[in-house]
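Below, read A as the first sequence line, B as the second, and so on, with proteins coming before strands; counting in each chain starts at 1. Hydrogens, waters and symmetry mates are skipped; everything else that's a heavy atom, side chains included, is used. Only a predicted model underlies this, so the values are computations on that prediction, with no experimental measurement involved.
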Protein chains: 2
Amino acid sequence: MSRKSKTRYSILAMLSLKPMSGYDMKQFTKEVMSNFWSESYGQIYTNLKMLVEEGLVTATEVAEGKKPYKTIYELTGRGSQVLGEWLCEPVSTQVPRDELSLKLFVGPLIPLEVSLQHILTHREQHEKQLAELRKAIARMEKEVPDAAPHKAYWLSGSRMGILVREAKLKWCDEMESLIRGKINQSKK
Amino acid sequence: MSRKSKTRYSILAMLSLKPMSGYDMKQFTKEVMSNFWSESYGQIYTNLKMLVEEGLVTATEVAEGKKPYKTIYELTGRGSQVLGEWLCEPVSTQVPRDELSLKLFVGPLIPLEVSLQHILTHREQHEKQLAELRKAIARMEKEVPDAAPHKAYWLSGSRMGILVREAKLKWCDEMESLIRGKINQSKK
DNA sequence: AACACCATGTAAGCTGTTACATGATTAA
DNA sequence: TTAATCATGTAACAGCTTACATGGTGTT
């Protein structure tokens, strides 16, 4: 049994929402899905090519106004079927690889000030992401009508992002005071 | 600037704690670090070979008792220096890729019962991991003396695992009632 | 004129997993 | 004797990022 690229399915998933170009998809992951997903151009374009060959998506060249051209991809019936099957398969367990945890795991090897800096930087990132998430939610609350079937799902994705980041912020706080305590101790 | 394998550094990090064989390392990631890290034999053995060539670790064949043999690896001075430098570098931001979130993102495409099943399975996994984490912490509390310099760091790693998993459990609960609500609605 | 953004794509190369292969020891 | 665990390793290849390459359009 071969591992299957998740990029394939993320592309199919995006196309299930609306037809898009490769460039659009990259933007979409960055602007809408960045909370839980990302893709690179390399992956997107090579996978699109394969998906067209397999008949799961169609490509149509479109010229709007004076702009040169743009290839818009759309899901085929077969494509949405394949997507549906994948969506129903159980979620595969992911391998955890948390670099910060690893670095702190052997924390005694580095100066307390450096550990502290790692934590503070991390904290800052999470705070920024939290702010962005909250903005995204507010935007969606306004723009998407409550009746839209996908609204609750989109919101819940952001909700997970918020809960997890809040938990990590709390942890950063705990770590900060732990390390500051150690620094004070060593100064005495 | 080439990306550098994190496996390299995870190996150096483990060896900074104590000399180990390749097999030991695999066990160690599974038993002690599984909360935030994992490695495969393929990566471990090939990286060990490179690290020996680069002079960052030494290999010694050891025969204990009647057992065949075992190659124990140890950090060299250069190795611990390289590790130290990496530890002090800022933590690189990780690419988020959460399959469950992706599947729920396009949730309206699949039956509510399937979404619910995904959530429940996920919930179960987190609960199992939480229980294991708590056991690991209890074990460490007993076995490791409070004075040990690494104790606080090890505990804090587990602490993050716990906080994050609790947050996810909370989210699972929210999702469960959301989906059950939808199921009831559709039955009316 | 320069810069940002739109738009597409390829090639190189690193990272990592999976599957396979081997063989010894120990407990049931 | 059968299975589990200890112990090491390789080969194939999947997956992904990065850097490069190209060229148009609109704005300052």
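The distance from atom NZ of A:Lys26 to atom P of C:dA7 is 15 Å, rounded to the nearest whole Å. What separates CD of A:Gln43 from P of C:dA11 is a distance of 15 Å, to the nearest Å. For the pair B:Lys49 NZ and D:dG9 P, the interatomic distance rounds to 8 Å; values are reported in whole Å. Between the OH atom of A:Tyr69 and the C1' atom of C:dA7 there is a distance of 7 Å, given to the nearest Å. Distance CD (B:Glu31) to C1' (D:dC6): 13 Å, rounded to an integer number of Å.
Between B:Tyr45 and B:Tyr41, the ring planes are parallel. Angles under 30° get that label, and only those over 60° would be called perpendicular.
Here the nucleotide nearest the side chain of A:Tyr23, chosen from C:dT17, D:dT5, C:dC6, is C:dC6. Comparing D:dT5, D:dT18, C:dT15 by their closest approach to the side chain of B:Ser5 singles out C:dT15. Proximity note for B:Tyr45 (side chain, C-beta onward) versus D:dG9, D:dG15, C:dG9: the nearest is D:dG9. Nearest to the side-chain atoms of A:Lys70 among the listed nucleotides D:dA7, D:dG9, C:dT8 stands C:dT8. Set against C:dC6, D:dG15, D:dT17, the side chain of A:Gln27 has C:dC6 as its closest nucleotide.
Residue A:Thr71 places no side-chain N or O under 4.0 Å from the OP1 or OP2 atom of C:dA7. Residue B:Thr46 places no side-chain N or O under 4.0 Å from the OP1 or OP2 atom of D:dG9. For C:dG16, the OP1/OP2 oxygens have a side-chain nitrogen or oxygen of B:Thr7 closer than 4.0 Å. Contact check, A:Arg97 against C:dG16: a side-chain N or O comes under 4.0 Å of OP1 or OP2.
For A:Ser92 and B:Glu99, the side-chain atoms include at least one donor-acceptor pair closer than 3.5 Å.
Relative to the six-membered ring of B:Trp86, A:Lys103 meets both conditions, a distance below 6.0 Å and an angle of at most 45° to the axis.
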